Amino acid sequence: MHGRPRKDPRPKDDAAKAAHLRELQAQLLHNHRNRTYTKEALASCSKLLEINPEVYTAWNYRKLSLQHNLDGVDDPDALKSAIEDELRVVEIALRTNPKSYAAWYHRKWVLGRRLMPVEFEREFRLLDLLLNADQRNFHGWNYRRFVAKLKNVPEEEELKFTKKMIDTNFSNYSAWHNRSALLSHLLTKKSQGFDSKKNTLTEEYELVHDALFTDQSDQSGWFYHLWLLDQTVCLDDPQLISSWPTHKSDLILSESNKIDGCQLFPSSNSRSFSLLHTGTFPIILYFNKAVKNIDSSTVIVSSVFVTNEDLNWRPLSTNNSGEACCWVTFLTVPEENCSSSTSYPVEVCLDRYKDIVSSDVSDCKNPSKFTFTVAFRGHSLEQTSKESVEENVVWKYVDICNPQESPCLMSFDQLSINEDHAEEGFKWNLQTLSNEIELFREFNDEDSKFVKLTLARLLVAHDLMVPNGSHNHIKTHSGEVLTLYDDLMKLDPSHKRYYEDEQSVVLMDQLTSDKDSLTKHCWQFDEPTSSSFHCQYCLWLNELSLTRIGSVKNILWVQMLDLSHNKLRSVEGLEALQLLACLNLSNNQISSFTALEPLKLLSSLRVLDVSFNMIGAHAIDTTRYLCSSPLSHTLDAKQLNVGYEKENTEVRDHWEVTSLFRALRLTQLDIKGNAVLNEKFSVLAIELLPSLKWLDGKRVR
């Protein structure tokens, strides 16, 4: 670990020792099976653990024997003798292997039963001996936290101990880690002397600078600096940072994409969206961190369409944790309202905002509210019927003649909800980041990946702290950060994928956070044969070498998105785009259907192009264990065949695609150029997608 190879101090066993070990193992299993807990049996077990402390069965056997032999025993001397024997066996095992998980766990288990008063001096003396031999033994540090908690040692005292160990050796990663854990708790509780986060972090920056300047090739200090950076940038409380519909917007919902013979988005003071579900549209809340407890009691939606209690909020996340950065509910309008030309006001308010909490148990401290209006424009049945005919969508674009009238640019300045956090509120944070940026620019070490990576992270963090509307910093710093990641990929090719992902996040944020950049990538879809999407606006982010989807908080309005000819291996993040109807993912590096699982949350998606990817090219798909599947017991394999003939084994054999396609309502799918495609698969896709009309450019229904 940390670049230091582990060496076995013991001499290699010869044939006699191996035979002895097998004999001891056989005795252990015999005694365990027959529940023999005599002194001789325990002595044999002790000899086995002295040779090999990793025999979990031996430790479990000793736990059972201790419980059996002490059952009903009240004699303090007998209790003390039994406990002493167990602790002694652990100490002998630790001499053989100081990093034995099973040995440390057994010692914690024995002391945790509180059968006798703990001799804390003995435990801390053992820890001192261990940490003197290996100051970075994380097993020892973990056990120290256990003993300190058992003794109720003040966290301030333990913090002083970490400082002592760091002063002895700056390369003590475990001491830095323990210090970050202690400080996090002290700052959260606002303990005496730690009520000012600014003062505490300022002192910690000075401490870590000493370590970095002493030996900048050691990674321990750099990891701690990254933790400090996270504490500096991250807000303590969750914030609502974006929404759809946008604040003060005027929505004109239509059954088609044209209104009175004009293109959609007819004026600069009106934001209109053509939704596939007549009279139904989503309300999206986008937070700066994952939150929970979003429901009708914490978020109040006031409208004439439906009562607030009838709305069902759901997290847009695939991990089933009940937490997400993005939440959605759908507002359904009765038919009598759809035929009216009246504009209806809607207000969304985070009412009981303190009940909205993040994963780190911090609650929302700032109320948020946004309003918008909804109007409807109907069409004759003949026109609606004609325009409902869906033709094959071919991705073609024309330049926007008047970019200032593009819907994304009209609503761009109102995407952010919270405008209360002015630059003055972040004065210390911004000044600290500026000081750190200046410091690391002075390092001037062209061969240090840590310096370059830290500088890139600092610049990104500084951009995140700049208030909304200040885009000059974003442009300048983004270019420098992209160059730094290019240098890192050359300097440290073994971590190229990580740098590519980080670079992709920065690039996407640069393109979507700057109005001028967004204009260059916003195109008008010009395909007259596709009546459903003709003259719609499409965000064009292809040929950018993106490997990862970054923040989408500024593009929640997107209905057509082209991400073709990139290097995407996952589509995580797109689940927030609840208006997305057409998605082009062709010519990427998607290797499985499980990588497309976030698309299951897009109820509006109708057109999907995943052609010329790598689906089916790899025999082993490790992502199968990360999503809902029969392998993780989160998906019932028997349910996959419901509604299909029993002899159809394709559904069962391709559970990944079955689970994905059943959740989608696609009318068009392009999948050519993937190894998985064959005649049987095409038949299966048509069977699983009853609404499918086009498959690889051919009409199927």
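On a predicted model such as this, the values are computed, not experimentally measured, just so you know.
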Are [X] and [Y] side-chain neighbours, meaning at least one heavy-atom pair lies under 4.5 Å?
X	Y	value
Q668	L695	no
I283	V328	no
I671	S611	no
V333	F281	yes
D562	L539	no
L568	T547	no
T371	P345	no

Can you measure from [atom1] ([X]) to [atom2] ([Y]) and round to the nearest 0.5 angstrom?
X	Y	atom1	atom2	answer
S682	K698	OG	NZ	8.5 Å
L511	S478	CG	OG	9.0 Å
M508	S504	CE	OG	10.0 Å

Taking [X] for its side chain and [Y] for its backbone only, find out whether a donor-acceptor pair lies under 3.5 Å.
X	Y	value
N584	L563	no
R606	S603	yes
N566	L544	yes
E656	T594	no
N588	I590	no
N308	S296	yes
S243	I284	no

Go through the steps to decide whether D609 and L583 satisfy the test side chain to side chain contact (heavy atoms under 4.5 Å, CB included), and finish with yes or no. CA-CA 6 Å; D609 189 345; L583 177 61; over 6 Å; no
Here the pair of heavy atoms bringing K289 nearest to C325 is C-SG, 3.6 Å
Polar side chain donor-acceptor pair, S358 to K292, under 3.5 angstrom: no
Can you see whether H477 engages D463 through a side-chain donor-acceptor pair at a distance of less than 3.5 angstrom? yes
I'd like to check the salt bridge (charged side-chain N to carboxylate O under 4.0 Å, His left out) partners of [X]; sequence neighbours left out, ordered by chain and number.
X	result
K672	D670
D696	none
E502	R548

Contacts of F661 that satisfy ring pair (Phe, Tyr, Trp, His ring centres under 6.0 Å) - sequence neighbours left out: F593
Check step by step if ring pair (Phe, Tyr, Trp, His ring centres under 6.0 Å) holds for Y344 and F305. CA-CA 9 Å; Y344 300 95; F305 305 134; 5.1 Å; yes
Any salt bridge (charged side-chain N to carboxylate O under 4.0 Å, His left out) pairs touching residues 569-579, not counting sequence neighbours? D501-R569
List in chain and number order the residues that pass side-chain contact (heavy atoms from CB on, under 4.5 Å) with T298, two or more places apart in sequence or in another chain; answer none if no residue qualifies. D295, R352, D355, I356
